[in-house]
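Each remark here refers to the structure printed beneath this line.
Hydrogens, waters and symmetry mates are skipped; everything else that's a heavy atom, side chains included, is used. Predicted model, so just to flag it, every value in this text is computed and none were measured.
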Protein chains: 2
Amino acid sequence: MKNGKNKLRSHCPVNYGLEAFGDRWALLILRDIVFRGKRTYGEFLKSEEGFATNILASRIDHLIAAGILQREGHETDGRKDTFSLTEKGLDLIPLIFEMVLWSAKYDSRSEAKRIIRLVELIKKDNRKISQKVMEQVKRGEGIVAEYLS
Amino acid sequence: MKNGKNKLRSHCPVNYGLEAFGDRWALLILRDIVFRGKRTYGEFLKSEEGFATNILASRIDHLIAAGILQREGHETDGRKDTFSLTEKGLDLIPLIFEMVLWSAKYDSRSEAKRIIRLVELIKKDNRKISQKVMEQVKRGEGIVAEYLS
DNA sequence: AAAAATCACTTGCATTTTGCAAGTGATAAT
DNA sequence: ATTATCACTTGCAAAATGCAAGTGATTTTT
């Protein structure tokens, strides 16, 4: 991974996206925030895909440098920081949802089966449901129960 | 990169997408096909981001194993193969378009400025324009002139 | 028909990135 | 005061990447 200070290889929109968030681990952090309402380093670390501690730290730094994530001190525990999506990060939700749609269609064992209601809503109007979810995530809720199963 | 035979780390829809096409180079191949109408190894190699020859070969293999790309013999030149998107690959176009939208919004130097018309159409109705572009790409046209500038 | 060029790779090797285990220093809980 | 928890960093082996230099199959040029 390159850090935010290196110049981009190109300003092609696809390449820009890739360099900003298109890293395997970086996108999983965003998923954890959006779908699981996670907010701290320790919570990210518990993800089933298995972050290495150094990689997680470096990806968080990268996302912050890219203006996608922001860090604040934890309200009650001085050891922790709280991470949340900036406006720029929230705007990635429609893209993540398209990814969910695609995987739901092509992965026969997709866990998207547990969020059929949400998948239907994305299919119907991604922009609309994304807007709604962006508000929820902004309030720190993650994907709420109403979309599950 | 892991090859198609390794099992997935998870069937989370986001992770599935990442393992299938969510590699820096893999997505650039798709971009080259969709936006530039490229079809051969040599054409991909010329991309401004600079593929290494071995990486390009391995990513093509990966995309084929993932069922996103397909290989056919070139019509007139026996040294070449022609690569094209499968149905599964074409279905990634809406996702790529969301990426373009996001980059257009946040990269002040985005080359998306040269496809303002297309960006507007995506904003208005991604599904609709994607459908149209899918047909064009299927015919081997890449993004056509009407969307440029 | 022979020689040269093109094309799609593969190979070898140095550099970079990853993944794991084991710290470390700060805060919190007991 | 002592121990645990948390968010990292460090060190190092293993894997992936990037580059240069092949290689073998066509195709083009002479």
At a cut-off of 3.5 Å, list every protein nitrogen or oxygen paired with a nitrogen or oxygen from nucleotides 10-13 of chain D, distance to 0.1 Å.
none

Measure all distances between protein nitrogen or oxygen atoms and nitrogen or oxygen atoms of nucleotides 23-28 of chain D, and list the pairs falling under 3.5 Å.
{"from": "D:dT27", "atom 1": "OP1", "to": "B:Gly78", "atom 2": "N", "distance (Å)": "2.4"}

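- Residue-environment remark: CD (B:Glu75) stays at or below the threshold of 12 foreign heavy atoms within 6.0 Å.
- When the side-chain nitrogen and oxygen atoms of B:Trp25 are compared with OP1 and OP2 of D:dA16, none of them lie within a distance under 4.0 Å.
- What separates OH of B:Tyr41 from P of C:dC9 is a distance of 7 Å, to the nearest Å.
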Hey, what are the protein-to-nucleotides 1-4 of chain C N/O distances that come in under 3.5 Å?
none

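- Of the N and O atoms on the side chains of B:Asn126 and B:Ser130, at least one donor lies less than 3.5 Å from an acceptor on the other residue.
- Along DNA chain C, the nucleotide nearest A:Phe51 and the nucleotide nearest B:Leu45 are compared for position; the residue whose nucleotide lies closer to the 5' end is B:Leu45.
- Within the structure, a side-chain polar atom (N or O) of A:Arg9 is placed less than 4.0 Å from OP1 or OP2 of D:dG18.
- Taking all atoms of both residues into account, the shortest heavy-atom contact from B:Arg127 to A:Leu101 is NH1-CD2, 3.6 Å.
- For C:dC9, one of the phosphate oxygens OP1 or OP2 lies less than 4.0 angstrom from a side-chain nitrogen or oxygen of B:Arg71.
- Taking 4.0 angstrom as the limit, A:Arg24 places none of its side-chain polar atoms (N or O) nearer than this to OP1 or OP2 of C:dG19.
- Salt-bridge check for A:Glu120 with A:Lys123: passed, with a basic side-chain N closer than 4.0 Å to an acidic carboxylate O.
- Shown here are the ring pair (Phe, Tyr, Trp, His ring centres under 6.0 Å) partners of B:Tyr106, two or more places apart in sequence or in another chain: B:Trp102.
- For the salt bridge (charged side-chain N to carboxylate O under 4.0 Å, His left out) test, residues two or more places apart in sequence or in another chain that qualify with B:Arg31 are B:Glu49.
- One interatomic measurement links the two molecules: NZ of B:Lys46 to P of C:dC9, which rounds to 15 Å at whole-angstrom precision.
- Atom CD1 in B:Ile55 sits about 16 Å away from atom P in D:dA15, given to the nearest Å.
- Dashed line: the shortest gap from a side-chain N or O of A:Arg59 to OP1 or OP2 of C:dT18 is under 4.0 Å.
- One interatomic measurement links the two molecules: CG of A:Asp81 to C1' of C:dT27, which rounds to 12 Å at whole-angstrom precision.
- Taking B:Phe83 as the reference, nothing meets the ring pair (Phe, Tyr, Trp, His ring centres under 6.0 Å) condition, with sequence neighbours excluded.
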